[in-house]
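Just below is one structure, and these are the notes that go with it.
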Protein chains: 2
Amino acid sequence: MNMMDDTGSREISATRAAYLSLREMILIGKLPAGKKLKIEELRTMLNVGASPVREALSLLTSDMLVERIDQRGFRAAPASLANFEEILTLRSTLEDMALRQSIARATPDWEERLVLSHHRMKRLAGSETFEEAHKSFHMTLLSNADSPMLQRYCSQLYDLNIRYRYLAAGGSTYQNRDIAAEHEEIFDAAVAGDAEAASAALLSHYRLTGDYLSTQLGAL
Amino acid sequence: MNMMDDTGSREISATRAAYLSLREMILIGKLPAGKKLKIEELRTMLNVGASPVREALSLLTSDMLVERIDQRGFRAAPASLANFEEILTLRSTLEDMALRQSIARATPDWEERLVLSHHRMKRLAGSETFEEAHKSFHMTLLSNADSPMLQRYCSQLYDLNIRYRYLAAGGSTYQNRDIAAEHEEIFDAAVAGDAEAASAALLSHYRLTGDYLSTQLGAL
DNA sequence: ATGTCAATAAATATCGATATTTTTGAACAA
DNA sequence: TTGTTCAAAAATATCGATATTTATTGACAT
C-alpha cells in the first residue's frame, strides 16, 4: 500500500485551500465584483500567511475572477452586462464545438458517464449540491471531446457565468422555467448521437438563461 | 535612490520582471517543455526572492505555459503534436470569430492602426523585432472585436503557438513560403471589409504554417 | 537480483519581518 | 473654492529563515 490516494485524508496546501475559498467567495458574491482584495484582510480571514494568499490570487487571475494590477494589488474582477454577454457568446461557440466533438467520438463509457451525471443532477434538484451536479452534467457532456484546452475554457466560462447567476438572483434563476425538461432534451439528443439536436437544445438552454439574466442585470 | 535607471520608464516589480523573463525563456525553448522548474534555480538565475518567482510561475499557469502540481512544484508545460493541433484548431475558430467581428465593426481608426501595424511588420522583416511586430499585426486584425476575453484567448493561443515554431525550427519557419504575400492578402481583404476573403486568407495562413510545423514536429 | 524501509538530502511551501510604493489628508497658496 | 505639496499612514511587494513534504539512497531481507 505505498500509493497514496489523495481523495482521502491527504493534507491540502495552504495555497490550494486559499484558492478554493477565495474562488467560492467570488463566485457566490461574498467578495463582490470590483472589490479591492487586501492581502492583510484576506490573510486574517483565511488564517494563512501573505504568500499563499498572493499565490492564490495570482492563480485566480488565470480564471479571470481576479484582476491584478502591478504594484497596486488585486481586486475581484468587475462585472458588467457587456462582460456577461461576452461570456455567453464565447460559451455558446466553445461549448457547441466541444459538444459536437464529444458526440462525434461517442463511446459506451461516455454514454454511461452521461447517464450517471444526468441522474445525479435530477436526484439533487433543489439541494445544496445541485450546483455542483449541474456543472458536472454540463462538463460531462463536453468531456468526450479530447481537447483539454477547450474543456478548460468551457469550465472557466461556466464558472464566470455562475457569478452572474448569483448577482442576478442570489443563485436561483430556476424558478419559472422547466429546466429539467431542457436538460432532458440535451441529454436525449446527446445519447442518441444527434449532434444537431443536442447543440440546438444546449444553445437554446443558454440563450433562455441568458435572456432572463440580462433583464435582471440592468442595474449593472 | 533606486538601484537601476530603467531607461526612464516606470520601475517594474520583481514579480513582473520574473514573469516576463520566464515567459520568454519558455517561449523560445530556453526552458524546455516539461522541464522541472526549481524555485531555487530560478531564484538565483533571476536574482530575486522565492516569492516573486512563485508568483510569476502562478501567473504563467494562466497562460498555460507552466503546470503547477500541488506540493510538487512547477514545470514548463509539456509539448506534443496533439497539443499543437489543439492550439491550431482553437486558434482557427476563435481568430475567425474575432476577425469577423472586427471587420463588422470597422472604423477609420482601426483601419489606420491596421495600415500602421502592417507597414511596421513589413519594415521589420528579418530583424530581431519581427516576431513582436508580427504578433502586433495579427492582434491588431482582431483588436476591433470589442471582446476583451476573446482577445485574451487569441493572444494566449498565439503565444502557445510561438513555442512550437521554436521547437520545430529554432524560430524561423518562414523560409519556403511567401509569408509577406499571405499577410498582404489578409490585410487587403480586411481593409476592403471583405470578411469572407479575410477569414479564408487567415485560416489558410494558419493551416499552411500548421501543416509545415506538423511535419517538423514528428519527433515529439 | 529485487523490493522494502528508514535515514538523509533536496525541494516545496509557508511564515514573519522589512523595504518599497501608493494613497491619504492636512496645510498652504492661488 | 480649487489645486498643490509633502509628510504620515496604509498597503503592496519582497526577502531571508524555517517548517513541511517529497525524492533519493543504501542497508537489509526475501
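Scope of the values below: all heavy atoms of this structure, side chains included, with no hydrogens, waters or symmetry mates. Every chain is numbered from 1 and lettered A, B, ... according to where its sequence line falls, protein lines coming before strand lines.
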- Phe137(B): partners by ring-ring contact (aromatic ring centres under 6.0 Å, His included), with sequence neighbours left out: His118(B), His183(B)
- Of all residues at least two apart in sequence or in a different chain, which pass the ring-ring contact (aromatic ring centres under 6.0 Å, His included) check with Tyr153(A)? Tyr153(B)
Please list, one pair per line, the donor and acceptor atoms closer than 3.5 Å that link side chains of residues 15-35 of chain A to other protein atoms, with sequence neighbours excluded.
{"unit_1": "Tyr19(A)", "atom_1": "OH", "unit_2": "Asp63(A)", "atom_2": "OD2", "d": "2.5"}
{"unit_1": "Ser21(A)", "atom_1": "OG", "unit_2": "Ala17(A)", "atom_2": "O", "d": "3.1"}
{"unit_1": "Arg23(A)", "atom_1": "NH2", "unit_2": "Asp159(A)", "atom_2": "OD2", "d": "2.3"}

- Task: Grab the CZ-C1' distance between Arg75(B) and dA23(D) for me, whole Å please.
- Result: 13 Å
- Task: Please work out whether the ring planes of His138(A) and His134(A) are parallel, tilted or perpendicular, with thresholds of 30° and 60°.
- Result: perpendicular
- Query: Which nucleotide sits closest to the side chain of Lys38(B): dT12(C), dT22(C), dT14(C)?
  - Reply: dT12(C)
For residues 76-92 of chain B, please give each side-chain donor-acceptor pair under 3.5 Å, one per line with the distance, not counting sequence neighbours.
{"unit_1": "Ser80(B)", "atom_1": "OG", "unit_2": "Asn83(B)", "atom_2": "N", "d": "3.0"}
{"unit_1": "Asn83(B)", "atom_1": "OD1", "unit_2": "Tyr164(B)", "atom_2": "OH", "d": "2.6"}
{"unit_1": "Glu86(B)", "atom_1": "OE2", "unit_2": "Ser147(A)", "atom_2": "OG", "d": "2.8"}
{"unit_1": "Glu86(B)", "atom_1": "OE2", "unit_2": "Met149(A)", "atom_2": "N", "d": "2.5"}
{"unit_1": "Thr89(B)", "atom_1": "OG1", "unit_2": "Glu85(B)", "atom_2": "O", "d": "2.9"}
{"unit_1": "Arg91(B)", "atom_1": "NH1", "unit_2": "Glu95(B)", "atom_2": "OE2", "d": "3.4"}
{"unit_1": "Ser92(B)", "atom_1": "OG", "unit_2": "Leu88(B)", "atom_2": "O", "d": "2.9"}

- Message: Does anything in residues 51-63 of chain B come within less than 4.0 Å of DNA chain D? Heavy atoms only, and list the residues if so.
- Response: Ser51(B), Pro52(B)
- Distance-minimising heavy-atom pair for Ser143(A) and Gln151(A): CA-OE1, 3.5 Å
- Query: Can you tell me if Thr129(A) uses its side chain to pair, donor with acceptor, with the backbone of Glu132(A) under 3.5 Å?
  - Reply: no
- Which of residues 39-49 of chain B sit near DNA chain D, with a heavy atom under 4.0 Å from it? Val48(B), Gly49(B)
- For atom CZ of Arg123(B), is the number of surrounding heavy atoms from other residues, nucleotides or ligands below 6.0 Å larger than 12? no
- Is any side-chain nitrogen or oxygen of Ser13(B) closer than 4.0 Å to OP1 or OP2 of dT21(C)? no
- Query: Nearest-Å distance, CD1 (Ile12(A)) to P (dA13(C))?
  - Reply: 13 Å
- Item | Nearest-Å distance for atom pair CG/P, residues Asp70(A) and dA13(D) | 7 Å
- Of all the choices, dT14(C), dA13(D), dT12(D), which nucleotide is nearest to the side chain of Lys36(A) once you look at every atom? dT12(D)
- Among dT22(D), dT12(D), dT23(C), the nucleotide that comes nearest once only the side chain of Arg72(B) is considered: dT22(D)
- Among dT23(C), dA13(D), dT14(C), the one nearest Ala14(A) by side-chain distance: dT14(C)
- Rounded distance in Å - CD (Gln71(B)) to C1' (dT20(D)): 8 Å
- Task: Please test Phe187(A) against Thr140(A) for side-chain contact (heavy atoms from CB on, under 4.5 Å), starting from the C-alpha separation and ending with a verdict.
- Result: CA-CA 11 Å; Phe187(A) 170 74; Thr140(A) 303; over 6 Å; no
- Query: For the pair made of CZ in Arg16(B) and P in dT21(C), what is the distance, rounded to whole Å?
  - Reply: 16 Å
